[in-house]
S.K.: 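One structure, pasted below without further comment.
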Amino acid sequence: MALASGVRFAPRALLRPWALLRGTTLGRTEPAAGGGGDGARRFGSQRVLVEPDAASGVAVMKLRNPSNALSLELLTELVISLEKLENDKTFRGIILTSDCPRVFCAGLDLTEICGRNPAHCAEYWKAMQELWLRMYLSSLVLVAAINGACPAGGCIIALSCDCRVLADNPKYRIGLNETLLGIIAPFWLKDTYVNTIGHRASEQALQLGSLFPPAEALQVGLVDQVVPEDQVQSTALSEMARWLAVPDHARQLTKNMMRKATADRLLRQRDADTQNFVSFVCRDSIQKSLQAYLEKLRQRKG
Ligand SMILES: CCCCC/C=C\C/C=C\C=C\CC(=O)SCCNC(=O)CCNC(=O)[C@H](O)C(C)(C)COP(=O)(O)OP(=O)(O)OC[C@H]1O[C@@H](n2cnc3c(N)ncnc32)[C@H](O)[C@@H]1OP(=O)(O)O
């Protein structure tokens with residue numbers, strides 16, 4: 001499997017991705033609902049459903065994990081689906097959206113870093129880096145159709161797309177709220193934020209752990225459009241058409257020119273970033289606060 005980073009990254013899950021997917025449908029195709037014609041074959045895995053439309057060259061990728069928390073399995077399946085579409089010259093764009101009601105993506109799956117050993121935390125963080133690198137540098141047009149809450153790691157997934165359409169629901173807040181959980185966004189999340197909303201707005205939002213409701217997210221430039229919930233998909237398709245109207249080679253080279261320095265910064269320090277992450281999250285104090293936070297989330301549900 002070609003990796004965004006070259007040779008250094010080899011987490012067990014990605015060296016043996018199919019092992020994680022035993023019993024799932026990844027790689028199998030089936031007719032899309034209401035489809036059946038050319039390009040209407042969907043494929044997917046347990047946690048990622050892909051509905052490709054060969055005629056338009058656009059695939060809709062739907063996340064369907066509980067709360068779409070970014071578990072190691074979800075990260076792995078996302079990378080595999082992305083790679084599959086990148087390698088198929090039929091496709092020029094992906095609309096990324098959620099199949100879970102009210103949640104686009106709940107961010108890092110905290111159960112992957114709470115009560116786990118350092119080796120697992122390292123494997124998990126490398127998978128997170130890998131997904132970000134692949135999405136951020138993807139040659140395809142990525143449009144996020146954000147149809148639910150989008151905190152922290154969820155916001156990063158959205159920020160690594162080229163364009164964001166958010167449903168107009170005050171509960172669907174978006175932002176990097178790490179500080180409120182007592183954790184610190186690593187430099188590459190910070191860089192992605194700065195690249196999108198500018199330095200001053202990022203400085204404020206990161207320190208305060210702001211989660212922006214739709215109107216404010218639009219105002220600060222975190223999303224490109226806010227539309228009624230039932231128009232998120234159609235607006236994402238219109239945005240996609242606008243981006244696909246540009247010749248691929250010119251758009252791709254321009255994207256690379258804009259993003260490469262940010263990605264290279266992580267590539268240069270990937271191991272150190274992993275070590276920082278692991279030593280930070282494995283601290284007793286951080287483990288205790290992660291545990292308390294997870295407990296609060298579970299109780300809130302009941
Ligand atoms: C100095 C060096 C520094 C180095 C770097 C160090 C650290 C950087 C690292 C970290 C970066 C972190 C980024 C993150 O992404 S942290 C995760 C942040 N996410 C959140 O805070 C979201 C929490 N979830 C929610 O607010 C709600 O669940 C949500 C609004 C998303 C949905 O609400 P809803 O009411 O629909 O669903 P719930 O009933 O609350 O949840 C259902 C179910 O899901 C569980 N769950 C939710 N989110 C998570 C999660 N992020 N991880 C794990 N599990 C999650 C929740 O507990 C429920 O579970 P269950 O009861 O059904 O078992």
Side-chain angles (χ1 to χ4, degrees), residues 47 63-75 78 97-116 118 120-132 135 146-160 166-167 169-193 205-214 217 229 265-266 269-302:
R47 300 164 190 87
L63 310 186
R64 49 179 186 179
N65 214 23
S67 298
N68 288 331
L70 296 165
S71 63
L72 186 55
E73 288 86 355
L74 178 58
L75 293 173
L78 272 167
T97 194
S98 165
D99 216 20
C100 294
R102 304 180 309 280
V103 188
F104 175 74
C105 171
L108 300 196
D109 184 339
L110 297 171
T111 65
E112 296 280 9
I113 55 174
C114 186
R116 304 293 196 125
H120 182 86
C121 294
E123 180 178 12
Y124 178 67
W125 192 243
K126 286 175 186 172
M128 185 68 206
Q129 293 170 335
E130 184 67 21
L131 178 66
W132 177 77
M135 290 185 69
I146 308 168
N147 51 352
C150 194
C155 177
I156 273 300
I157 298 292
L159 284 172
S160 57
L166 174 61
N169 181 326
K171 289 187 176 153
Y172 298 172
R173 297 187 303 158
I174 178 168
L176 297 181
N177 59 331
E178 279 80 352
T179 52
L180 293 184
L181 316 185
I183 53 184
I184 302 147
F187 68 87
W188 45 283
L189 302 202
K190 181 268 294 173
D191 289 347
T192 313
Y193 222 24
L206 279 169
Q207 287 198 44
L208 295 172
S210 308
L211 282 174
F212 297 95
E229 201 151 355
R265 194 166 169 219
L266 173 59
Q269 307 176 55
R270 198 163 175 177
D271 293 341
D273 181 63
T274 304
Q275 275 164 23
N276 272 345
F277 176 78
V278 173
S279 60
F280 184 78
V281 299
C282 290
R283 283 183 202 171
D284 281 351
S285 58
I286 299 298
Q287 283 294 311
K288 278 193 188 119
S289 59
L290 286 173
Q291 228 160 9
Y293 186 68
L294 268 172
E295 201 46 50
K296 213 169 81 183
L297 277 177
R298 287 173 184 142
Q299 279 168 6
R300 199 180 69 176
K301 197 179 177 195

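Whatever order the structure lists them in is the order used to number ligands and atoms, beginning at 1.
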S.K.: Kindly identify the option in Val103, Leu297, Asp273 whose heavy atom sits closest to atom 56 (C) of ligand 1.
M.R.: Leu297
S.K.: For ligand 1, find out whether one of its N or O atoms is nearer than 3.5 Å to an N or O atom of Leu110.
M.R.: yes
S.K.: Using distance alone, decide if ligand 1 has a nitrogen or oxygen within less than 3.5 Å of any nitrogen or oxygen in Gly154.
M.R.: no
S.K.: Compute the shortest N/O to N/O distance between Gly153 and ligand 1 and return yes if it is under 3.5 Å, no if not.
M.R.: yes
S.K.: Check residues 278-292 and write down every donor-acceptor pair under 3.5 Å in which the side-chain atom is one partner and the other belongs to a residue at least two apart or another chain.
M.R.:
residue : atom : partner : partner atom : Å
Ser279  : OG   : Gln275  : O            : 3.1
Ser279  : OG   : Asn276  : O            : 3.3
Gln287  : OE1  : Gly115  : N            : 2.7
Gln287  : NE2  : Ile113  : O            : 2.7
Gln287  : NE2  : Val281  : O            : 2.7
Ser289  : OG   : Ser285  : O            : 3.4
Ser289  : OG   : Ile286  : O            : 3.2

S.K.: Relative to ligand 1, is Leu181 under 4.0 angstrom through side chain, backbone, both or neither, heavy atoms considered?
M.R.: side chain
S.K.: Could you check which of Asn65, Leu290, Ile184 puts a non-hydrogen atom nearest to atom 7 (C) of ligand 1?
M.R.: Ile184
S.K.: For the residue pair Arg116 and Thr111, what are the closest heavy atoms and their distance?
M.R.: NE-O, 2.9 Å
S.K.: Mind checking whether Tyr293 has an N or O less than 3.5 Å away from an N or O of ligand 1?
M.R.: yes
S.K.: Determine, for Glu130 against Arg270, whether the closest basic-nitrogen to carboxylate-oxygen distance falls under 4.0 angstrom.
M.R.: yes
S.K.: Could you pull out all residues at least two apart from Arg265 that satisfy side-chain contact (heavy atoms from CB on, under 4.5 Å)?
M.R.: Phe187, Lys190, Asp191, Arg268, Gln269
S.K.: In terms of the angle between their ring planes, are Trp132 and Trp188 parallel, tilted or perpendicular, with boundaries placed at 30° and 60°?
M.R.: tilted
S.K.: I want to know if ligand 1 touches Arg300 in the polar sense, i.e. an N/O pair below 3.5 angstrom.
M.R.: yes
S.K.: Which of these, Trp188, Phe277, Phe280, Tyr172, has its nearest heavy atom closest to atom 9 (C) of ligand 1?
M.R.: Phe277
S.K.: Please state whether Pro66 comes within less than 4.0 angstrom of ligand 1, counting heavy atoms only.
M.R.: no
S.K.: At under 4.0 Å between heavy atoms, which part of Ser67 makes contact with ligand 1: side chain, backbone, both or neither?
M.R.: side chain
S.K.: Give yes or no for whether the N/O distance cutoff of 3.5 Å, strictly under, is met between Gly107 and ligand 1.
M.R.: no
S.K.: Do the non-hydrogen side-chain atoms of Leu72 and His120 ever get within less than 4.5 Å of each other?
M.R.: yes
S.K.: Using a 4.0 Å heavy-atom cut-off, say whether Asp109 meets ligand 1 through its side chain, its backbone, both or neither.
M.R.: both
